[in-house]
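Report on one structure; see the data block that follows.
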Amino acid sequence: MTKLHRLALLSGTAVACAAGATAAAQPPALTIYNGDFAVVRQHVPLDLQAGENRVRFSGVTTMLEPDSVILRDAAGRVVLRVLEQGYRADAVSQGLLLSMHEGQTIDFIVRDQDAKEYTVKGRVVRSGYLPGGGRMEPLIEVDGQLRFSLPGEPVFPALDDDAILQPTLDWVLHTERAGRLDAELGYVTAGLSWNAAYNLVAPETGDTLDIVGWVTMRNNSGKRFDDASIKLMAGQVNKVRPAQDMLFGRGQALAAEVYAPPPPQITEKSFDEFHLYSLPRPTTLRDRETKQVEFIRAEGVKAQTLYIYNGAAIDPNRYAGWNSEMIRQDRDYGTQSNKKVWVMREFENSEENGLGLPLPAGRTRFYRRDDADGRLEFTGENTIEHTPRNETVRIYTGDAFDVVGERKRIDHVVDSRADAMEEAFEIRIRNRKTTPVEVRVVERLYRGPNWQVRDNSAPFIKNDAQEIEFRVPVPADSETVVTYRVRYTWR
């Protein structure tokens, strides 16, 4: 058998013990997904002999998925076979060493009020260490008495060669050719996530918005990434654990339009059925760190304010499990009245409107600038879903204070043969503002799919098979009334 060649790899730097050579690590690359996971790629300098080689690489994450690991020659010149792989995340800690000495007596250093040190011997009955980061109270026996705390600073024997200070991959590699190569390590890990957030600022009057979008990255993977090249994948990528085959993508980058002068902004491209955003400069992402990067800035986006009144106020819990026959026979179905008028902002995500970049899902916060003092006042927040380019964004921001609605049924007639029914409704919209508004009155025709609107006092738009919409102008400090009659048939 070929003599095993031993190679130690520490924190991304390869030290070939046989040759005494040291190779500087290259910065890592990350692709972070919406679903609290990421793909990590980093370079591993190797100095291998022909045949089998034992390699240890330290500095991977504590949440690595071992069966997602890919190790390959990035240049494609050397074929690497991983004969065996071990993943260890049990890095040395006080709790771990205490657990390794349960049942044994060790020394504890105690310091008195004068900072003088003396030694107390104690038997570790229970360490309190739980794998995976959990913890419970330790139990130590000192002079025949039990203590639910450590009597001092524990002192342990020296570490053996098998101890690790960071999560580590141990490999047995086989190659036909001896030599040095710059291998590429890729793996899927949990503990890394990102999301988008948008601040939308409007003047005190007018229908425009200034939009600033941020991405927030969170690193809870147990590893620090220095000067990393980072990409963010937006979209619902199906994830089955263990994850495989998501490590090495391909595609031609398409630079997105940016809306602010230098420094350079995040670029975006379509990638498979998703969208990939690339940060313009290397970024250090420390463990337990949350970091924000601006990715979009647009000014003067046209965004009209919509007032929408859905007066029926159907309680979904009341009618859960009802069938169409039960709904038809309930005289009071759909007659509840809701006074709230929704306020929504709507804009086109188009290049002509100052945007045109696929918008990843995230939280939206709205502000208005008070002309009296120039300060921004918070006026509502919500979330948006992943929104493609050239789609309409409509966001609910709250309920109107000075615009209210009132809805009531004014007639209900069932034909003698019970195969048809008519209902009539009256909707009143009151505007107590000093300016006119247009209110979109939405009526859901719940009784059945076969209906006909009769005697409507205002024109309406058919939104879908069971929804109509009246666009009602309401003058300042006035009331507008809309009436309509609908006939349902079940023949």
Side-chain angles (χ1 to χ4, degrees), residues 34 195-214 216 234 236 296 298 301-317 334 336-350 353-355 357-369 376-407 427-433 435-444 446 460-461 463-464 466-474 480 482:
N34 290 132
N195 64 275
Y198 304 88
N199 293 328
L200 302 98
V201 180
E204 184 169 337
T205 59
D207 287 334
T208 61
L209 292 172
D210 295 341
I211 301 177
V212 177
W214 293 85
T216 299
Q236 299 302 316
I296 186 173
V301 176
K302 295 178 181 178
Q304 62 177 324
T305 300
L306 302 181
Y307 296 94
I308 297 177
Y309 180 59
N310 186 345
I314 292 294
D315 179 4
N317 297 319
Q336 294 74 27
S337 182
N338 158 48
K339 289 191 174 184
K340 299 295 184 181
V341 175
W342 303 334
V343 181
M344 309 191 87
R345 297 302 295 265
E346 181 180 272
F347 57 88
E348 295 292 329
N349 180 23
S350 64
N353 200 24
L355 291 168
L357 182 73
L359 302 176
R363 177 178 291 182
T364 59
R365 295 180 177 90
F366 285 84
Y367 301 86
R368 274 198 185 270
R369 184 177 292 105
L376 299 181
E377 302 297 346
F378 178 72
T379 58
E381 70 176 14
N382 211 318
T383 59
I384 62 170
E385 300 296 326
H386 297 302
T387 304
R389 197 166 23 222
N390 296 325
E391 289 291 322
T392 299
V393 180
R394 180 182 287 188
I395 308 170
Y396 166 77
T397 62
D399 297 328
F401 190 98
D402 294 316
V403 184
V404 296
E406 183 180 353
R407 178 183 187 270
I427 300 110
R428 294 178 176 270
I429 306 296
R430 290 184 288 276
N431 174 23
R432 301 311 180 193
K433 299 167 70 72
T435 55
V437 298
E438 180 189 77
V439 178
R440 301 188 178 189
V441 176
V442 176
E443 287 289 295
R444 192 75 178 162
Y446 299 94
F460 65 86
I461 300 169
N463 290 335
D464 60 36
Q466 288 189 279
E467 184 178 280
I468 60 175
E469 177 182 298
F470 299 89
R471 298 192 175 182
V472 182
V474 188
T480 299
V482 175

>> I'd like to know if the side chain of T305 pairs up with that of R345 as donor and acceptor (distance under 3.5 Å, no hydrogens or angles considered).
In response: yes
>> If we check side chain to side chain contact (heavy atoms under 4.5 Å, CB included) with E467, which of these qualifies: I461, V442, N310?
In response: V442
Nearest atoms (heavy-atom pairs only) where [X] meets [Y]:
{"X": "I211", "Y": "V301", "result": "CD1-CG2, 4.1 Å"}
{"X": "A298", "Y": "G354", "result": "CB-O, 3.3 Å"}
{"X": "I429", "Y": "G405", "result": "CD1-CA, 4.1 Å"}
{"X": "I427", "Y": "R407", "result": "CG1-CG, 4.0 Å"}
{"X": "Y198", "Y": "P360", "result": "OH-O, 2.6 Å"}
{"X": "T387", "Y": "V393", "result": "CG2-CG2, 3.7 Å"}

>> I308 vs R394, test: side-chain contact (heavy atoms from CB on, under 4.5 Å). Steps then yes/no.
In response: CA-CA 12 Å; I308 297 177; R394 180 182 287 188; 3.5 Å; yes
If I take atom [atom1] from residue [X] and atom [atom2] from residue [Y], how far apart are they, to the nearest 0.5 angstrom?
{"X": "R428", "Y": "K339", "atom1": "CZ", "atom2": "NZ", "answer": "12.0 Å"}
{"X": "Q466", "Y": "Y446", "atom1": "CD", "atom2": "OH", "answer": "9.5 Å"}
{"X": "N349", "Y": "N390", "atom1": "CG", "atom2": "CG", "answer": "7.0 Å"}
{"X": "D402", "Y": "K433", "atom1": "CG", "atom2": "NZ", "answer": "6.0 Å"}
{"X": "R440", "Y": "M344", "atom1": "CZ", "atom2": "CE", "answer": "10.5 Å"}
{"X": "E377", "Y": "R369", "atom1": "CD", "atom2": "CZ", "answer": "11.5 Å"}

Check: [X] side chain, [Y] main-chain N or O, donor-acceptor pair, under 3.5 Å:
{"X": "Y309", "Y": "N338", "answer": "yes"}
{"X": "N195", "Y": "A361", "answer": "no"}
{"X": "T397", "Y": "V343", "answer": "yes"}
{"X": "T480", "Y": "P473", "answer": "yes"}
{"X": "D399", "Y": "K340", "answer": "no"}
{"X": "N382", "Y": "Y396", "answer": "yes"}
{"X": "D210", "Y": "V201", "answer": "no"}

> Can you check whether V341 reaches R430 side chain to side chain, under 4.5 Å on heavy atoms?
Replying inline: no
> Would you say the side chain of V441 lies within less than 4.5 Å of the side chain of F460, judging by non-hydrogen atoms?
Replying inline: no
> Counting heavy atoms not belonging to R363, are there more than 12 under 6.0 Å from its CZ?
Replying inline: no
> Can you list the residues that meet the ring-ring contact (aromatic ring centres under 6.0 Å, His included) rule with Y367, with sequence neighbours excluded?
Replying inline: F378
>> Working note: N431 + Y307, criterion side-chain contact (heavy atoms from CB on, under 4.5 Å); need CA distance, chi angles, decisive distance, verdict.
In response: CA-CA 11 Å; N431 174 23; Y307 296 94; over 6 Å; no
>> I296 vs L359, test: side-chain contact (heavy atoms from CB on, under 4.5 Å). Steps then yes/no.
In response: CA-CA 9 Å; I296 186 173; L359 302 176; 4.0 Å; yes
> Charged N to carboxylate O below 4.0 Å: is that the case for E204 and R368?
Replying inline: no
